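For reference, the structure is listed below as structure tokens.
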Amino acid sequence: MTADPPIRIHLSPPHVGVEEREHLLEAFESNWIAPLGPDVDAFEAEFAAVLGAPHAVALSSGTAALHLALRQVGVGPGDRVLCSTMTFVASAAPIRYLGAEPVFVDATEDSWNLDVDLVAEALDEAARIGRPYRALVAVDLYGRCCDYERLAPLCRDHGVALVEDAAEALGARHRGRAAGTFGAAGVFSFNGNKILTTSGGGMLVTTDADLAARTRHLATQAREPAAHYEHVEVGYNYRLSNLLAALGRAQLRKLEERVSRRREIGRRYREALTDHPGVHFAPMGDPDESNHWLTCLTVDPLVARVDREALRQHLRSRGIEARPVWKPMHRQPVFGDCDVLGGKVAERLFEEGLCLPSGSSLTEAEQDEVVTEIGHVLGR
Ligand SMILES: *Cc1c(COP(=O)(O)O)cnc(C)c1O
């Protein structure tokens, strides 16, 4: 076996330019080199304005934002928290940080997002036996929002706090409303591979002024306003660096452009690859509302006569990075003892699903190359 060549075409690389560099250097020269400063405040205000949300709090990661969101909606030791099983580990890990137990929910074939019927059944059953769930982490997978028309009232009626993990969905909408604005709190990530990046960072968005203020407090070591550093509770060191906030402000101005580029990439893949039997694209709903963070497809091995892994490995041998879709959380060893509602849909998507290079800096020539290589495998 020959070793794979270096990756030339990445899945979703950081996409930054001279504006980001200038902003970063201005912040550097101002000497605001700390997890607070004018760019943090401005980034929060500008981000909130873009989303049409009243409050945004800049944090060190999306994971930190989920941790603080769950803590503040009251999740604590022994609580049960519903969570999409088709997701990155960061949606579920903070549930465990708080001593609570995730209960995973399967996806649906026609959305890849969590199955609202399963949630409804679980909440009815929980009410019947008197063992309520504290919260629900709903993940907007690959940039498509969950069905919040049904989820939001369901959570409200059952007294379950809705936390929206919109880490992959910045710039997406649902019935005209921005992703991240549907729950008690919405969470974003600025990791290197997301729609926008600050190298690492996150944001918590909420309509609740108290929750926003408490998030800032908890994220700065729960320091009371006293010259001598007074503390009445244990907090965290979770604020975003001012340097990175400066980078984020420059990125934010390009949000629309970045999202429309990813949409265009998704559209081109679909157009070029629909004719292959056994290949199905992830159902993205209204293509003008999803942000198409990653374009994903499934390969049915019985029809396509080739499986996902063969396709992935071929691409890799050509220096092209593609990735299996998220391994369901209920199949992760670390969550092996957790309950799961359903699970078979997510398991099949994991077996057959592949994420294609989808970064906003992908050129048309690079995309054509990916399409050609996929054609070589599927055409066999
Ligand atoms: C990236 C991601 C996160 C976490 O983000 P970090 O900023 O890396 O901590 C959370 N949930 C989902 C679904 C993600 O894709």
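As the structure lists them, so they are numbered: ligands from 1, and atoms in each ligand from 1. Values in this document were obtained by computation on a predicted structure and should not be read as measured data.
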> According to the interplanar angle, ranging from 0 to 90°, do the rings of Phe88 and Trp326 count as parallel (below 30°), tilted (30 to 60°) or perpendicular (above 60°)?
Replying inline: tilted
>> With salt bridge (charged side-chain N to carboxylate O under 4.0 Å, His left out) as the rule and sequence neighbours excluded, what pairs involving residues 77-94 come up?
In response: Asp79-Arg134
>> Applying salt bridge (charged side-chain N to carboxylate O under 4.0 Å, His left out), can you list everything that pairs with Arg263, at least two apart in sequence or on another chain?
In response: none
> Taking 4.0 angstrom as the limit, do Glu46 and Arg249 come out as a salt bridge?
Replying inline: yes
> Around ligand 1, what residues show up once you keep those with a heavy atom under 4.0 Å from it?
Replying inline: Ser61, Gly62, Thr63, Thr87, Phe88, Ala90, Ser91, Val139, Asp165, Ala167, Glu168, Ser189, Asn191, Lys194, Gly201
>> Tell me if the aromatic rings of Tyr269 and Phe281 count as close, with their centers under 6.0 Å from one another.
In response: no
>> According to side-chain contact (heavy atoms from CB on, under 4.5 Å), who are the partners of Thr198, at least two apart in sequence or on a separate chain?
In response: Phe43, Phe190, Leu240, Leu244
